[in-house]
Structures are given as C-alpha cells and as structure tokens.
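Accompanying notes for the structure given below.
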Amino acid sequence: MIKIAVLGYGTVGSGVVKVLNTNAKLIAKRAGQEVEVKYILDLRDFPGDPAQSKVVHDYNIIAEDPEISIVVETMGGTKPAYEFVKKALQSGKSVCTSNKELVAAYGAELVHIAKSKNANFLFEASVGGGIPIIRPLNQSLTADRIEQINGILNGTTNYILTKMEKDGSDFAGVLKEAQQLGYAEKDPTADVEGYDACRKIAILTSLAYGQQVDYEDIYTEGITKITAEDFQYAKALHASIKILGSSKRIGGKLYAMVAPQMIREDNPLYSVKGVFNAICVTGNMLGDVMFYGRGAGKEATASAVVSDVVDAVKHMNVNVMTIWEDEKLEVAPMDEMKNRFFVRIGIGEKAKAKEVFTEGEEVDGGVEGEFGFLTGEMTEKAFREAIAGFDSFITRIRVGF
Ligand code: HSE
C-alpha cells in the first residue's frame with residue numbers, strides 16, 4: 001500500500017481523489033499495489049465531504065510523515081507550491097504536479113533534485129490537461145531530433161475563437177458567454193493574453209531540447225484584438241484563426257512564440273475545436289505526430305496526474321530519467337523570425353501597399369473601406385518597418401500556410 005498526500009483540494013485535487021476512488025482496483029493492478037490518500041492539504045475545511053477526515057492545514061504534517069512517499073501538488077501558482085515541492089523532493093518523496101507555473105519556472109531544478117534523491121518529479125498534467133504529451137516526449141519520441149512543436153495549448157481561447165468563427169461574433173461577447181459557462185475565469189487575463197500557453201510551450205520546448213527555455217523570452221500575443229472581420233477574411237482564405245504555441249529549430253537557432261495564426265485545412269490543428277487542445281510534434285525521422293484531447297477539466301486533468309502517481313509507484317526509488325538541464329537555451333530575437341502576414345489597411349493606401357509589399361496577394365473579405373492582403377515571407381523586423389509607413393494600418397495576423 002502506497003500512501004500519498006494531495007496538496008490543494010480544488011478542481012484538480014478533488015478530481016485526483018475522485019479518479020483514485022472510481023478506478024481504485026485497476027489503478028492498484030497497474031501500479032502493482034493499492035494507492036491511498038492519507039492527507040489532503042487545504043486552507044479550507046470541507047464539511048460533509050467524505051475526504052474531510054483527511055484534511056490538514058499544516059504542510060509539515062505531510063513533509064515529516066515517512067509513510068508518505070508521493071506528494072500530489074494541485075495548488076497552482078509558485079507560492080507556496082515551490083517551497084512545498086522542493087521540501088518533499090529533498091526528503092526523497094516523489095512529486096506529481098499539474099502546475100504549469102511551477103514547472104515552467106523551476107522544472108530544471110526540481111527534476112535535478114528528484115534525480116539526486118532517486119525520486120521522481122512528474123508533470124504530465126501541466127501541459128494539455130489529460131493529453132499524454134510529457135511522457136511521450138520523454139519516453140517515446142526518443143529516436144528523433146524534434147524539429148518543430150505547434151500546439152493549441154489553451155482550452156479557453158480555443159473555445160472563444162471557435163465560437164467567434166461559428167457565430168460571427170466579437171471577442172467581448174463570446175468571452176462573457178464563456179465566463180457564464182465556466183469555460184473562462186472571472187479574470188481571464190492569463191488565458192486570453194496567451195500567458196498560460198506561453199508557459200506550456202516553454203515546458204514542451206525545454207523537454208524537446210533537454211535545456212531550460214525561459215518563458216519570459218518567448219514572444220506572446222493574445223486574442224483580445226481578434227475581430228469578427230478578421231474571421232470574414234479568414235473564411236475568404238479557407239482558413240481558421242487559432243492561437244498557437246510554436247517552437248522550431250532552424251540552423252541551430254530556436255524560434256518560439258505564442259500568437260494567433262491563420263491556418264488552413266491541411267494543418268492537422270485546423271479541426272481542433274472548442275475547449276479541446278492538440279499538440280503537433282515534428283520529428284526528423286517520424287514526421288508529424290499529433291496528440292489530441294481535453295486540455296482542461298477536472299477528470300481529464302486528474303487522470304493525467306494519477307497516471308503520474310502510477311508511474312511514481314512503479315518506479316519507487318528509481319529515477320525515471322528526464323533530461324532538462326538548467327543551462328539556458330537562448331530563444332532567437334523575435335525580429336529575426338520569418339513569417340507571412342495577413343494585413344488589413346484602409347482602402348486609400350491600397351496602391352502604396354502594392355508598391356511596398358511586392359509579393360502581396362489581395363484578399364477579399366467583403367469588408368467595406370478596407371484593403372486586405374497576404375505578404376510574402378519576411379522577417380518580423382522587415383514587416384514592422386514596412387508597415388510603420390501606413391497611417392491606415394488596422395491589424396495583422398501571422399499566416400501558417
Ligand atoms: N485555463 C487553462 C485552459 C486550463 O483553458 O486551457 C488548463 O491549463
């Protein structure tokens with residue numbers, strides 16, 4: 001019998017207890033022994049909840065109990081999660097977490113501590129919720145050089161963009177609706193500004209290359225400026241608009257960004273709708289492989305956390321190797337990245353646009369008083385400098401085709 005503690009009894013933490021109860025027998029069979037939740041750490045009490053008898057308010061009870069061999073961290077944020085997780089690992093306990101802020105900021109250090117203690121720091125649920133992506137990157141895609149990762153890494157924003165596309169509605173109205181349905185937080189900033197996806201692409205890229213990629217270095221643009229008119233143009237291009245977390249290695253340089261992009265049907269991410277997430281990884285031998293599923297939600301995310309618990313039980317006192325060196329992998333300056341752009345300007349500057357963007361292709365989105373066009377491939381810097389000369393510039397969206 002393995003005894004574990006769950007830190008944080010919110011959506012994911014209570015989901016972990018539910019998954020462990022619902023599938024207790026088969027989890028015991030797969031882990032090789034029964035898994036019992038001995039403690040739940042939370043500031044609150046949960047009168048009437050069967051788990052109430054396990055609730056403690058002092059982390060030291062867990063940290064100092066030698067019977068606890070696995071700590072599940074589902075608190076979110078880095079304070080006090082980092083301190084708690086570090087302490088658990090230093091005393092030889094394994095940690096399974098769903099916390100992307102913690103993993104993006106301290107992953108390399110925590111992986112290293114786990115290794116030094118023959119324990120494990122596992123974080124399958126930190127990216128893509130229930131989608132298996134961390135274990136595949138670590139243990140399955142080991143024969144390939146990873147060339148590119150492209151992912152729809154946030155359910156809230158994919159829901160909003162899907163709904164805007166379907167109903168022809170504007171961002172603000174759909175956000176409100178998403179909040180009422182519980183698909184967006186009361187404070188939606190981390191999702192709609194792309195910060196959540198940024199941490200996730202930083203984690204995936206760090207694992208793909210085995211080195212620390214700082215999320216602060218990744219150019220991040222959210223979806224708050226996307227409009228119903230943008231979708232009209234996208235439709236004319238037989239494209240959709242998705243916010244993607246992307247990283248690729250070209251000629252020894254790493255490029256990474258989170259930004260809305262127009263993609264077409266031939267892109268496997270095109271048909272990922274609503275709250276679903278998907279991650280497309282390109283290996284130099286394998287080609288494209290895509291992972292698809294529920295990127296958020298109580299049971300789906302908890303399922304991924306419990307899969308880590310099973311892994312930790314199966315590898316008690318044996319470190320499952322994760323290569324994540326703390327030596328920083330530099331992200332190339334955004335100015336150097338090459339992209340194509342879809343651009344909207346006032347109709348009065350159409351002739352000038354044709355002169356400046358010689359490779360431009362006109363796009364008829366049926367919006368009066370405007371000129372829409374696609375540029376050829378150019379660096380971000382060249383685009384920025386060229387577009388600065390247009391007084392009637394409205395918007396631009398990067399193009400992934
Ligand atoms: N807010 C996140 C999302 C939750 O919408 O994907 C999962 O990280």
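Bear in mind that the values here come from a model prediction, so they are computed numbers and not experimental data. Counting convention: from 1, in listed order, for ligands and their atoms alike.
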For [Y], does the six-membered ring have the charged nitrogen or CZ of [X] within the cation-pi criterion, i.e. under 6.0 angstrom from the centroid and within 45° of the normal?
X: Lys352; Y: Phe390; result: yes
X: Lys273; Y: Tyr270; result: yes
X: Arg396; Y: Phe341; result: no
X: Arg249; Y: Tyr209; result: yes

Carboxylate-amine/guanidinium proximity below 4.0 Å for Lys350 and Glu362: yes
Salt bridge (charged side-chain N to carboxylate O under 4.0 Å, His left out) contacts in which one or both residues fall within residues 82-98, not counting sequence neighbours: Lys86-Glu109
field: Residues lining ligand 1 [heavy-atom distance under 4.0 Å, listed by chain and residue number]
entry: Lys100, Asn154, Gly155, Thr156, Asp191, Asp196, Lys200, Gly295, Ala296
